[in-house]
Peer 1: 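I'd like to ask some things about the structure below.
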Amino acid sequence: MSAAEALPATVGALLAAACERLATPDARLDAELLLAHVLGSTRTQLYARPETTVDAAARASYHALLARRQAGEPVAYLLGRQEFWSLAIVLDGSTLVPRPETELLVELALARVAADVAEVLDLGTGSGAIALALASERPAWRVLGVDCDPAALRLARANAERLALDNVDFAPGDWFAGLQGRCFDLVVANPPYVAEDDPCLAAPGVCREPRHALVAGVDGLDALREIVTRARAHLNLGGWLLCEHGAAQGEALREMFAAAGFAAIATRRDLAGHERVTQGRSAGPFTPSGSAGE
Ligand code: GLN
């Protein structure tokens with residue numbers, strides 16, 4: 001008997017067996033999301049008809065997904081999508097899974113820039129989640145997402161097409177390299193910011209995400225240092241820089257922003273109460289040889 005044939009055959013029994021097998025705090029939710037995905041149904045439909053029989057082919061698909069989940073793959077990769085800012089973002093494993101706390105970056109960006117028309121840059125765009133959320137909220141903004149990974153760019157472009165957003169473009173780029181002479185009203189970034197030896201990198205889900213999207217040097221600040229140091233040369237007068245960062249990096253970020261000559265520096269906490277996004281405004285004339293730290 002194959003492992004899939006050994007699984008019980010009703011929705012209710014399959015879910016109970018899957019929970020026992022996954023044995024993680026989120027086991028029930030994961031088991032439901034994956035079974036609904038296999039059956040092309042909703043979680044509500046699973047609740048409504050737990051006695052429904054599941055055929056052998058669907059049980060085999062479910063078994064395969066549970067095995068991948070047990071091996072640490074994020075549920076969002078198994079489903080091939082993740083909701084972010086009410087948009088369905090398609091994923092293929094080449095980028096980070098968009099996190100709920102990153103919605104704070106979107107919220108603050110929308111609140112900071114009042115202009116209907118604005119030039120916006122999203123650095124390290126990955127799946128394009130942040131750029132797409134901003135473009136969907138502000139149809140007259142022009143949003144550019146850059147990423148150094150061609151696979152991420154393909155995914156971001158496919159997401160823009162699926163969401164029918166035509167005010168967003170994606171281009172290859174290593175932070176600001178390739179953007180010489182270009183200035184924006186708003187620059188946002190959720191760059192890698194995890195320290196090389198951070199034990200969180202071994203956590204289920206995270207362990208299967210691309211390391212280059214998570215890790216930035218010994219203290220996790222390499223990418224943020226580069227972005228904050230170079231940003232003012234790419235901001236219009238009055239323009240804003242908003243960066244997501246780790247919970248323990250707020251003070252380091254405020255110091256970086258101050259050294260780079262930003263005004264209106266402030267850090268905002270996410271819903272879990274962790275310092276998560278630091279912002280600054282390019283309020284005075286920018287002099288490259290001045291306090292920008294280059
Ligand atoms: N917040 C993510 C984590 O801790 C890291 C995201 C990032 O490096 N940009 O898993």
Side-chain angles (χ1 to χ4, degrees), residues 24-26 30 69 71-78 82-85 89 91-109 121-134 145-149 151-153 155-156 159 170 173-176 187-231 241-253 256-257 267-279:
T24 55
D26 294 330
D30 293 357
R69 180 67 192 131
E73 229 173 302
V75 175
Y77 287 172
L78 301 175
Q82 170 75 35
E83 189 170 310
F84 180 80
W85 201 262
I89 304 294
L91 299 174
D92 62 7
S94 65
T95 66
L96 280 195
V97 177
R99 313 282 207 262
E101 58 267 31
T102 301
E103 293 184 342
L104 174 64
L105 185 61
V106 174
E107 189 186 315
L108 292 174
L121 174 66
D122 174 25
L123 292 169
T125 195
S127 63
I130 297 167
L132 295 165
L134 294 174
V146 301
D147 205 290
C148 60
D149 178 13
L153 286 178
L155 182 66
N159 273 315
F170 295 100
D174 189 3
W175 309 131
F176 289 106
V187 176
V188 294
N190 174 20
Y193 55 70
V194 179
E196 268 165 15
D197 62 353
D198 192 317
C200 89
L201 295 167
V206 180
C207 66
R208 294 304 188 91
E209 292 183 295
R211 206 179 147 84
H212 67 263
L214 287 162
V215 176
V218 178
D219 60 0
L221 290 169
D222 283 6
L224 282 160
R225 260 191 292 269
E226 165 133 10
I227 291 167
V228 178
T229 306
R230 298 192 186 281
L241 171 67
L242 278 81
C243 295
E244 179 173 323
H245 52 75
Q249 294 172 335
E251 194 178 338
L253 262 289
M256 276 182 217
F257 272 66
T267 301
R268 285 284 304 270
R269 291 177 188 269
D270 62 21
L271 290 175
H274 298 131
E275 289 196 329
R276 186 58 64 196
V277 176
T278 293
Q279 65 181 40

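Counting begins at 1 with the first residue of the sequence. Both ligands and their constituent atoms are indexed starting at 1 by order of listing. Because the structure is a prediction, the values reported are computed rather than measured.
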Peer 1: Between Asp270 and Arg99, is there a salt bridge with N-O shorter than 4.0 Å?
Peer 2: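 Salt bridge absent between Arg99 and Asp270.
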Peer 1: Check ligand 1 against Pro191 and write out every atom of the ligand that is under 4.0 Å from a heavy-atom position of the residue.
Peer 2: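 With Pro191 as reference, the close atoms of ligand 1 come out as 7 (C), 8 (O), 9 (N).
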Peer 1: Pull out every atom of ligand 1 sitting under 4.0 Å from any heavy atom of Leu96, numbered as shown with elements.
Peer 2: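 The atoms of ligand 1 under 4.0 Å from a heavy atom of Leu96 are 6 (C), 7 (C), 9 (N).
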Peer 1: Side-chain contact, heavy-atom cut-off 4.5 Å: His212 with Pro192?
Peer 2: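 No, every pair of side-chain atoms sits at 4.5 Å or beyond.
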Peer 1: When you compare the side chain of Ile89 with that of Leu132, does any pair of heavy atoms fall below 4.5 Å?
Peer 2: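 Answer yes - side chains close enough.
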Peer 1: Tell me which protein heavy atom sits closest to atom 4 (O) of ligand 1, plus the residue, atom name and distance to 0.1 Å.
Peer 2: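 I find the closest protein heavy atom is Val194 CG2, 4.4 Å.
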Peer 1: Just verifying a value: how many Å separate Asp222 CG and Tyr193 OH, rounded to the nearest 0.5 Å?
Peer 2: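 Reported to 0.5 Å precision, the distance equals 15.5 Å.
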Peer 1: Considering only heavy atoms of Ala213, which atoms of ligand 1 have at least one such atom less than 4.0 Å away?
Peer 2: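 Listed by number with element, the hits are 8 (O).
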Peer 1: Please determine, by modelled atom types, if Asp92 and Ser94 share a side-chain donor-acceptor pair under 3.5 angstrom.
Peer 2: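 A pair is found: one side chain offers a donor N or O, the other an acceptor, under 3.5 Å apart.
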Peer 1: With a cut-off of 4.0 Å, which atoms of ligand 1 are near a heavy atom of Pro192?
Peer 2: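 Going through ligand 1 atom by atom, the ones under 4.0 Å from Pro192 are 8 (O).
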Peer 1: Answer yes or no: does an N/O atom from Arg276 fall short of 3.5 Å to an N/O atom of ligand 1?
Peer 2: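 No.
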Peer 1: Using a strict cut-off of 4.0 Å, indicate which atoms of ligand 1 neighbour a heavy atom of Leu214.
Peer 2: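 By the 4.0 Å cutoff, the relevant atoms are 5 (C), 8 (O).
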Peer 1: How far apart are the C-alpha atoms of Arg268 and Arg276, what are their side-chain angles, what is the distance that settles it, and do they pass the side-chain contact (heavy atoms from CB on, under 4.5 Å) test?
Peer 2: CA-CA 6 Å; Arg268 285 284 304 270; Arg276 186 58 64 196; over 6 Å; no
Peer 1: Identify, for atom 10 (O) of ligand 1, the protein heavy atom at the shortest distance, and state residue, atom and that distance.
Peer 2: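 Minimum-distance protein heavy atom for atom 10 (O) of ligand 1 reads Arg99 NH2, 2.8 Å.
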Peer 1: Roughly how far apart are Phe257 CZ and Thr229 OG1, rounded to 0.5 Å?
Peer 2: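 Taking CZ in Phe257 and OG1 in Thr229, the distance rounds to 10.0 Å.
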Peer 1: Around atom 8 (O) of ligand 1, find the nearest protein heavy atom and jot down its residue, atom name and distance.
Peer 2: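 That would be Tyr193 N, 3.2 Å.
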